[in-house]
Number of protein chains: 2
Amino acid sequence: MIDPVELYADDPTSCPVAAAVGAFSGKWKPIILHLLAQDELHFANICRALPKASKKVLTEQLRELENDGIVVRRPTNENRPRVFYSLSRTGKELAPIMLSLYKWQKDRSQKEMSDAA
Amino acid sequence: MIDPVELYADDPTSCPVAAAVGAFSGKWKPIILHLLAQDELHFANICRALPKASKKVLTEQLRELENDGIVVRRPTNENRPRVFYSLSRTGKELAPIMLSLYKWQKDRSQKEMSDAA
DNA sequence: CGGTATCCGATATGATACTG
DNA sequence: CAGTATCATATCGGATACCG
């Protein structure tokens with residue numbers, strides 16, 4: 001089912017799992033995806049929700065997510081120009097995987113607590 | 001089910017999904033996990049399987065995986081000292097998640113191909 | 001409003017040599 | 001065998017200021 005190790009030994013970034021992980025590794029990406037899972041938002045909303053992140057960094061992370069086909073960027077033609085961001089179909093397919101990651105993490109931090117006791 | 005955004009807005013690394021992703025982001029970690037999913041291996045085996053990675057980097061990544069409770073380090077007391085690495089229980093629980101990531105990635109690279117056509 | 005431009009420090013990865 | 005030490009480079013994230 002999964003390809004043999006030798007295929008990736010020369011270039012580990014070619015491993016599909018690594019590529020998938022790379023697609024949402026970035027300091028603000030998981031929380032951006034979490035935000036967009038609930039609503040389509042315009043840029044200023046995202047900035048306000050994440051005041052600790054600079055516009056530059058948010059722009060970068062959004063661009064990367066867009067280039068990876070995970071979010072969709074939609075500028076409007078209003079008087080007050082706005083740019084909306086939302087999850088693509090591919091982005092929405094990430095939701096159950098993120099939920100598994102969430103559960104796995106909760107589980108193991110639980111175990112750490114009981115180990116320490 | 002999942003915590004609200006405000007909980008992580010100040011420190012995005014506290015988001016469980018980000019923490020989970022962090023646990024296996026590292027250039028060689030996915031492929032190391034893939035290797036160990038099949039066998040318990042000693043350090044030299046891992047080095048031989050991944051000749052492009054320096055011992056220093058492999059040691060670092062293995063130590064991080066160990067500190068995260070994902071792999072188990074087992075030194076032996078033989079004449080020729082060896083150190084075995086294997087997946088912990090928590091590490092094995094990652095397998096189905098990695099499979100989902102694998103499928104998700106294959107899916108979307110498929111779509112890219114057909115989009116380009 | 002939705003960005004860019006510039007500069008900077010921190011972290012990640014790597015090449016190489018050495019050690020018990 | 002299984003590392004550690006040292007040094008170099010690259011990418012990432014951030015502060016700040018400016019722009020159409």
Side-chain angles (χ1 to χ4, degrees), chain A residues 8-15 18-19 21-33 35-36 40-68 71-86, chain B residues 8-15 18-19 21-32 35-36 39-68 71-86:
Chain A
Y8 318 128
D10 273 3
D11 176 14
T13 65
S14 72
C15 167
V21 169
F24 56 124
S25 42
K27 188 163 176 179
W28 300 94
K29 284 185 190 176
I31 195 169
I32 288 173
L33 296 177
L35 268 169
L36 295 181
E40 183 184 53
L41 294 175
H42 57 257
F43 187 71
N45 285 146
I46 300 175
C47 289
R48 266 188 290 276
L50 305 174
K52 297 276 181 96
S54 70
K55 283 188 293 183
K56 180 200 148 210
V57 172
L58 289 179
T59 305
E60 283 169 1
Q61 309 247 319
L62 285 163
R63 287 276 188 280
E64 290 174 19
L65 290 168
E66 189 196 0
N67 292 335
D68 278 331
V71 312
V72 177
R73 182 177 180 277
R74 183 173 66 81
T76 63
N77 281 338
E78 305 167 287
N79 290 350
R80 314 202 79 208
R82 289 197 293 180
V83 178
F84 282 92
Y85 289 95
S86 59
Chain B
Y8 318 128
D10 273 2
D11 175 15
T13 64
S14 71
C15 167
V21 169
F24 56 123
S25 44
K27 190 163 178 180
W28 300 94
K29 284 185 190 175
I31 194 169
I32 289 173
L35 267 169
L36 295 181
D39 290 295
E40 183 184 53
L41 293 174
H42 57 255
F43 188 70
N45 285 145
I46 300 174
C47 289
R48 265 188 291 276
L50 305 175
K52 296 276 181 99
S54 71
K55 282 188 294 181
K56 179 198 148 212
V57 172
L58 289 180
T59 305
E60 282 170 2
Q61 307 247 320
L62 285 164
R63 287 278 188 279
E64 289 174 20
L65 290 169
E66 188 196 0
N67 292 335
D68 278 332
V71 312
V72 176
R73 182 177 181 277
R74 183 173 66 82
T76 63
N77 281 338
E78 304 167 287
N79 290 350
R80 312 202 82 207
R82 290 196 292 180
V83 177
F84 281 91
Y85 289 96
S86 58

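Within every chain, numbering begins at 1; the chains are lettered A, B, ... in the order of the sequence lines, protein sequences first and strands thereafter.
Regarding contacts with the backbone of dG3(D), a side-chain N or O of Arg63(B) is found under 4.0 angstrom from either OP1 or OP2. Contact between the side-chain N/O atoms of Tyr85(B) and the OP1/OP2 oxygens of dC1(D) is not found at any separation under 4.0 Å.
Pairing each heavy atom of Ser25(B) with each of Val21(A), the nearest pair is CB-CG1, 3.9 Å. For the pair Trp28(A) and Gln61(A), the tightest heavy-atom approach, listed with the atom from each and the gap, is N-OE1, 3.1 Å. Between Ala49(B) and Ala9(A), the closest heavy-atom pair is O-CB, 3.4 Å.
The SG atom of Cys47(A) lies 11.0 Å from the CG atom of Leu41(A); values are rounded to the nearest 0.5 Å. Between atom NZ of residue Lys27(A) and atom CG of residue Asp11(B) there is a gap of 7.0 Å, rounded to the nearest 0.5 Å. Glu66(A) CD to Arg74(A) CZ: the interatomic distance, rounded to the nearest 0.5 Å, is 13.0 Å.
Across the protein-nucleic acid pair, Arg74(B) atom CZ and dA2(D) atom P stand 12 Å apart, rounded to whole Å.
When side chains are defined from C-beta on, Leu36(A) does not count as touching Ser86(A), because their heavy atoms never get closer than 4.5 Å. No side-chain heavy atom of Asn45(B) sits less than 4.5 Å from a side-chain heavy atom of Asp39(B).
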Which parts of nucleotides 10-20 of chain D does protein reach within less than 4.0 Å, heavy atoms only, written one letter per nucleotide 5' to 3' as B for base, S for sugar-phosphate only and - for none?
-> ---BBB-----
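Bracketed by its first and final contacts, the part of DNA chain C lying under 4.0 Å from non-hydrogen atoms of chain B reaches from dT13(C) to dA15(C) in 5' to 3' order.
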